[in-house]
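Small disclaimer: the values here were computed from a predicted structure and weren't measured. Naming: A, B, ... by sequence-line order, numbering from 1 per chain.
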Amino acid sequence: MWRSCLQLRDWGRHLLKRPLHGPIDPLVPGPSPELRARAYAPPAERKRFYQNVSITQGEGGFEINLDHRKLKTPQAKLFTVPSEALATAVATEWDSQQDTIKFYTMHLTTLCNTSLDNPTQRSKDQLIQAALKFLDTDTICYRVEEPETLVELQKNEWDPIIEWAEKRYGVEIGTSTSIMGPNIPAKTYEALASHLASYNMWALQGIEFVVAQLKSMVLTLGLIDLRLTVEQAVLLSRLEEEYQIQKWGNIEWAHDYELQELRARAAAGALFVHLCSESTTVKHKLLQE
Amino acid sequence: MAALGSPARTWRGLLRELRYLSAATGRPYRDTAAYRYLVKAFRAHRVTGEQLCRAQHELHFQAAAYLCLLRSVREHVALHREFHGQGERSVEESAGLVGLQLPRQPGGKGWEP
């Protein structure tokens, strides 16, 4: 019995001290030397093949250069962005990759690729409709009936945002506790659709992305109108989860993981929308002293 | 909107994130295009005459959003590396978790070639 206990302790220690290895070498045969290789490893990632990332200005806008090669989209179009800030941010994303390229961390690059390629071939109207569809089942319009504390929390946190949106756009958005959802009049849809139509295609891609992440149209409107910060919007979107976490405890590898991922995506989307829909002009005034 | 905080705090946070990023590549963070752009943008918008400048507010919001992006991507990658990057365990390791060992049969198992 003691020997098996010692063995268990040694195995345990091995598992904790083992260094992290990359994907398995497929040439190593059979059950490899203990604990060196895993039966299944995540597929090999692309290594970082460039040293420097730089930005140049071309005809269509700003381009990214990896060493001397120009960055291209997945559909092999030249990667051009209209705004220098966006190009700088994308270049920083590429520059921050160490050893392997983790595409799932490069949210701005993904958004730019989607806008350039438009792989789903959607028109402006289709994008607006897709975004507005979330209004039917908007997170902050759906209320629970019990427990009492959660009802209170939802009322205190979500009602002000709904009031703000109603006032700002002159529309009616109700709340509801039934499974059918709030009854939103057609005028609301039209008003919001005409507001969204004032954004260009790129900004709309960003807006639709944020709506899909936060699962709420109203929170997205709050983000693009600077009413909410990204952290606030994410917190409001996850209000019930945060409530449950406070009650039952936080699980780092699930809750924190999802929180950081949602924050990253929402921040990328919000930044993307703002950078694509702004235009900066600098007027120099003569200082008269 | 009080939750945005002060621009100085956002600026310090951005500098810290840029330092983390450049610690990875080894080049000093003052060389990066992002640093130069941010310095230019923050300086340009400091010297406006109005107090309630909407452009200032917008810039601060964008800076805060970018800070949130950098911070959360870094935390996400750290969490992924710590908890989700390993893949599956092999049969030997799974057995070893509960203190068992796979049987060693010198002649090979009957059905193996």
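- The parts of A:Asp95 that come within reach of chain B are both its backbone and its side chain, each placing non-hydrogen atoms under 4.5 angstrom from that chain.
- When the candidates B:His76, B:Arg74, B:His80 are compared by the number of heavy-atom contacts under 4.5 Å with chain A, B:His76 comes out ahead.
- A pairwise comparison of heavy atoms in A:Leu271 and B:Gln62 identifies CD1-O, 3.5 Å as the closest pair.
- Interface residue A:Ala85: backbone and side-chain heavy atoms are both found under 4.5 Å from chain B.
- In terms of heavy-atom pairs under 4.5 Å with chain B, the best-connected choice from A:Ala91, A:Ala89, A:Ala270 is A:Ala89.
- The shortest side-chain heavy-atom distance between A:Glu93 and B:Val73 does not fall under the 4.5 Å cut-off.
- One distance of note links CG of A:Leu226 with NE2 of B:His60; it measures 11.5 Å at 0.5 Å rounding.
- With contacts defined as side-chain heavy-atom distances shorter than 4.5 Å, the pair A:Leu259/B:Glu75 does not qualify.
- Options B:Ser72, B:Ala41, B:Ser94, B:Ala78 differ in how many heavy-atom pairs under 4.5 Å they form with chain A, and the most are formed by B:Ser72.
- Under the side-chain hydrogen bond (donor to acceptor under 3.5 Å, both in side chains) criterion, A:Asp225 pairs with A:Arg168, A:Tyr169, sequence neighbours left out.
- Looking at A:Glu261, the atoms closer than 4.5 Å to chain B (heavy atoms on both sides) sit in the backbone and in the side chain alike.
- Only the backbone of A:Gln51 comes within less than 4.5 Å of a heavy atom in chain B; its side chain stays farther off.
- The aromatic rings of A:Trp253 and B:His84 sit perpendicular to each other, their planes meeting at more than 60°, with 30° as the lower class boundary.
- Counting all heavy atoms, side chain and backbone alike, B:Leu21 lies closest to A:Thr92 at CD1-CG2, 3.7 Å.
- Within residues 63-71 of chain B, the residues having any heavy atom less than 4.5 Å from a heavy atom of chain A are, in residue-number order, B:Ala65, B:Tyr66, B:Cys68, B:Leu69.
- Legend: residues meeting side-chain hydrogen bond (donor to acceptor under 3.5 Å, both in side chains) with A:Thr100, ordered by chain and number and at least two apart, are A:Glu45, A:Lys102.
- The candidate from A:His274, A:Arg48, A:Gln98 with the greatest count of non-hydrogen atom pairs under 4.5 Å with chain B is A:His274.
- Here B:Leu79 contributes atom CG and A:Glu258 contributes atom CD; the two are 11.5 Å apart, rounded to the nearest 0.5 Å.
- Contacts from residues 31-39 of chain B to chain A, taken as heavy-atom pairs separated by less than 4.5 Å, involve B:Ala33, B:Ala34, B:Tyr37 in sequence order.
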